[in-house]
Protein chains: 2
Amino acid sequence: MAEQTQLERSKEDPKVASTTVASSVYDQLRLDILTGDLQPGEKLRSEFLRGRYKAGISPVREALNRLATERLVCREDQRGFHVAAVSKAGLIELTKTRCWIEERALRESIEHGDDAWEEQIVLTFHRLSRTPRSADDQTYAFNAKWEGLHRDFHNAVIAACGSHWLLSFCEQLVDQADRYRQLAAAVSYPKRNERDEHQDLMEAVLARDADRAVALQCAHIHKTADIVLNANLNNLPDDFDPADPSRC
Amino acid sequence: MAEQTQLERSKEDPKVASTTVASSVYDQLRLDILTGDLQPGEKLRSEFLRGRYKAGISPVREALNRLATERLVCREDQRGFHVAAVSKAGLIELTKTRCWIEERALRESIEHGDDAWEEQIVLTFHRLSRTPRSADDQTYAFNAKWEGLHRDFHNAVIAACGSHWLLSFCEQLVDQADRYRQLAAAVSYPKRNERDEHQDLMEAVLARDADRAVALQCAHIHKTADIVLNANLNNLPDDFDPADPSRC
DNA sequence: AGTCAATAGAATTTGGAAATTATTGAACTA
DNA sequence: TAGTTCAATAATTTCCAAATTCTATTGACT
């Protein structure tokens with residue numbers, strides 16, 4: 001049987017958009033960490049990843065190096081890589097920071113947003129509201145489509161902030177928050193009405209009521225954090241262990 | 001003649017603190033970009049870097065991948081790496097973002113800083129004020145010691161902000177700003193009294209006058225930007241060229 | 001001239017083997 | 001028993017050559 005080139009693989013599976021193996025491994029590894037498929041603190045041996053993603057050592061290492069700079073993965077020279085650890089203290093710090101950064105993004109965006117910006121918000125909200133939170137009817141199951149549309153909506157709201165830096169910071173923090181969110185998603189799933197929260201936010205934003213929008217956004221962020229903290233069944237450690245190699 | 005191991009190299013040159021070749025290349029490459037030794041937009045061929053840093057392809061690539069995530073280097077799949085481009089529009093956006101982020105860091109730090117924090121500010125200011133801005137008496141020459149102490153001082157001021165995220169964002173933005181600053185350093189060198197600016201900032205911070213500290217910090221940031229913009233001799237492009245591969 | 005396809009050359013990307021370093025555990029000492 | 005040394009093992013890191021992809025050029029064709 002003939003060998004497969006990367007191009008051939010891409011033709012077979014159009015979901016794989018990446019043009020290099022390294023970028024493809026990066027995408028998959030990132031997703032596996034965000035969904036919790038690879039757990040916080042887990043050691044990432046190159047042989048294990050090589051087998052999991054059917055790639056050579058070089059692209060695997062490139063992906064790990066990229067993710068380490070984004071702090072989804074933790075690198076220690078000569079001691080390899082871990083999935084970054086989580087903790088209550090980490091979540092609290094993350095939540096605080098998200099509120100600060102997103103407040104600024106939101107205020108700037110509301111001040112400078114134009115008609116196209118408004119329309120994009122309406123559009124992404126519409127799509128989000130027609131998509132089920134869970135891939136399964138009864139219990140919670142990760143739904144990649146909802147997750148994507150959810151990001152699209154929140155990104156649309158702050159898109160007019162006028163700073164690519166701010167947008168990328170927000171994105172990085174959302175990545176981090178998503179990991180925590182997945183830890184408690186099964187618990188929060190039946191209880192929460194996220195659709196209303198998003199609708200309220202949209203209305204405040206379109207009314208250019210910055211103070212109200214910020215308050216709603218902040219509450220939205222804190223609510224997610226509280227659910228994770230209260231649903232303590234993942235025995236989340238209180239703080240980062242200074243001796244933990246996945247501490248970062 | 002015998003081959004050199006990495007350990008042997010480290011013993012010879014104690015300046016190389018990194019434990020792996022990849023980290024060492026990362027440090028050197030980052031510095032070369034910050035100082036402008038490698039110019040904005042320049043293509044970074046692996047063979048060129050291999051020769052420059054006397055390393056193999058793998059560690060060079062790892063360093064490039066890390067720097068790309070930090071946006072000091074720009075990656076295009078299958079087309080290699082460039083030093084990230086600069087432009088007037090980019091500088092303006094960067095400056096704006098720095099003011100937003102550093103304002104929050106400053107206010108939080110002033111609110112929560114303790115005695116040890118105050119002492120560290122006094123200490124780092126003292127060290128900075130006794131170090132010459134330029135390595136040369138007459139003309140401007142990059143002075144690594146001053147640059148390090150300058151960072152230490154500004155980091156000390158915001159160190160008590162309570163968020164590692166905010167601190168790392170500030171650091172990333174400082175890296176970016178440093179590139180612009182080096183472009184105009186020779187021009188601004190004789191004119192500017194940075195020591196007074198830092199002293200004013202320190203006094204406002206120690207007096208816990210957040211509003212004044214923020215105003216000074218913002219002015220400090222804007223002043224650097226203005227110098228770069230006015231000293232237009234580097235024919236900085238107005239905006240990023242959408243066709244430029246180093247655009248990011 | 002301008003467009004397009006084929007081709008040669010240059011650069012990037014990748015896989016695996018070799019070199020280096022960390023870890024483990026057994027034997028030994030105080 | 002606690003702590004050290006040292007060899008065996010396991011993992012990480014690095015180098016390099018092969019495979020793939022991009023780029024520039026040429027020449028045929030409209």
Side-chain angles (χ1 to χ4, degrees), chain A residues 1-12 16-29 41-69 73-83 243-246, chain B residues 1-12 16-29 41-69 73-83 243-246:
Chain A
M1 178 146 167
E3 292 298 314
Q4 267 191 336
T5 66
Q6 196 227 322
L7 188 61
E8 284 171 313
R9 255 176 281 150
S10 284
K11 276 179 184 166
E12 275 177 26
V16 176
S18 299
T19 52
T20 67
V21 178
S23 293
S24 164
V25 171
Y26 167 85
D27 290 339
Q28 297 177 65
L29 185 50
E42 194 170 339
K43 180 115 217 270
L44 296 169
R45 287 198 187 75
S46 45
E47 271 308 310
F48 168 69
L49 298 174
R50 229 171 75 78
R52 186 181 177 99
Y53 303 119
K54 304 277 179 284
I57 281 184
S58 308
V60 163
R61 279 188 71 82
E62 294 204 6
L64 286 168
N65 274 295
R66 295 185 204 174
L67 289 164
T69 338
V73 156
C74 180
R75 172 188 43 238
E76 276 198 309
D77 277 352
Q78 312 281 28
R79 290 191 208 183
F81 300 84
H82 290 255
V83 179
D244 182 355
S246 60
Chain B
M1 179 149 169
E3 294 296 317
Q4 266 192 336
T5 65
Q6 195 225 321
L7 188 63
E8 284 172 314
R9 255 176 279 150
S10 282
K11 277 179 184 165
E12 275 177 24
V16 177
S18 299
T19 51
T20 67
V21 178
S23 293
S24 162
V25 171
Y26 167 84
D27 290 339
Q28 297 177 65
L29 186 49
E42 194 170 340
K43 181 113 212 271
L44 296 170
R45 287 196 189 75
S46 44
E47 271 308 310
F48 168 69
L49 298 174
R50 229 170 75 78
R52 186 180 177 101
Y53 303 118
K54 305 276 178 283
I57 281 182
S58 307
V60 163
R61 274 193 139 264
E62 294 204 6
L64 286 168
N65 274 296
R66 295 184 204 175
L67 290 164
T69 332
V73 156
C74 179
R75 172 188 44 238
E76 275 198 309
D77 277 352
Q78 315 278 31
R79 291 189 206 185
F81 300 84
H82 290 255
V83 179
D244 182 355
S246 60

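Worth knowing before you read on, the calculation uses all heavy atoms, side chains too, and leaves out hydrogens, waters and symmetry mates. First the proteins, then the strands, lettered A, B, ... as listed; each starts at 1. Computed from a predicted structure; not experimentally measured.
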Practice item. Take B:R75 and A:E62 through the side chain to side chain contact (heavy atoms under 4.5 Å, CB included) test and state the conclusion after the steps. Key: CA-CA 12 Å; B:R75 172 188 44 238; A:E62 294 204 6; 5.9 Å; no
**Study point:** Verdict with supporting geometry, A:V21 and A:V25, side chain to side chain contact (heavy atoms under 4.5 Å, CB included)
**Key:** CA-CA 6 Å; A:V21 178; A:V25 171; 4.1 Å; yes
Exercise for review: In sequence, state the C-alpha distance, the side-chain angles, and the governing distance for A:L29 and A:L64, and then conclude on side chain to side chain contact (heavy atoms under 4.5 Å, CB included).
Suggested key: CA-CA 8 Å; A:L29 185 50; A:L64 286 168; 3.7 Å; yes
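We find that CZ of B:R45 is positioned 6 Å from P of C:dT12, with the value rounded to whole Å. When rounded to the nearest whole Å, the span between CD of B:E76 and C1' of D:dT21 equals 14 Å. To the nearest angstrom, P of C:dT14 lies 16 Å from OH of A:Y26. We find that CZ of A:F81 is positioned 15 Å from P of C:dA22, with the value rounded to whole Å. The interatomic distance linking A:D77 (CG) with C:dA22 (P) rounds to 10 Å, in whole Å. The separation between B:N65 atom CG and C:dT12 atom P is 13 Å, rounded to whole Å. Regarding A:E47, its CD atom lies at a distance of 11 Å from the P atom of C:dA17, rounded to whole Å. One atom, CZ of B:F48, and another, P of C:dA10, lie 19 Å apart when rounded to the nearest Å.
Considering only side-chain atoms of B:Q78, the nucleotide from C:dT14, D:dT21, D:dT23 that sits closest is D:dT21. Taking the side chain of A:K43 as heavy atoms from C-beta on, and the options C:dT23, D:dC16, D:dT12, the nearest nucleotide is D:dT12. For B:R79, the listed nucleotide lying nearest its side chain is D:dC22; candidates were D:dT13, C:dG15, D:dC22. When the nucleotides D:dC16, D:dT13, C:dA22 are ranked by their closest atom to the side chain of B:S58, D:dC16 comes out on top. Side-chain proximity of A:R50 to D:dC16, C:dG16, D:dC15: nearest is C:dG16. Side chain of A:I57, nearest nucleotide from C:dT12, C:dT14, D:dT13: D:dT13. Across C:dT12, D:dT13, C:dT14, the shortest atom-to-atom separation from the side chain of B:S46 is found for C:dT12.
Nearest heavy-atom pair across A:A63 and A:A22 is CB-O, 4.0 Å. When every heavy atom of B:A55 is checked against every heavy atom of B:P59, the shortest pair comes out as CB-CG, 4.3 Å.
Residue contacts for A:R61: at a heavy-atom cut-off of 4.0 Å it reaches a base atom on one of the strands shown.
In this structure a side-chain-to-backbone donor-acceptor pair under 3.5 Å is present from B:Q78 to A:T19.
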Check your understanding: Which dot-bracket string fits DNA chain C when only Watson-Crick or G-U wobble pairs with both atom distances under 3.5 Å count, crossing pairs get [ ], and | stands for a partner on a different strand?
Key -> ||||||||||||||||||||||||||||||
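At least one side-chain heavy atom of B:S23 sits under 4.5 Å from a side-chain heavy atom of B:R66.
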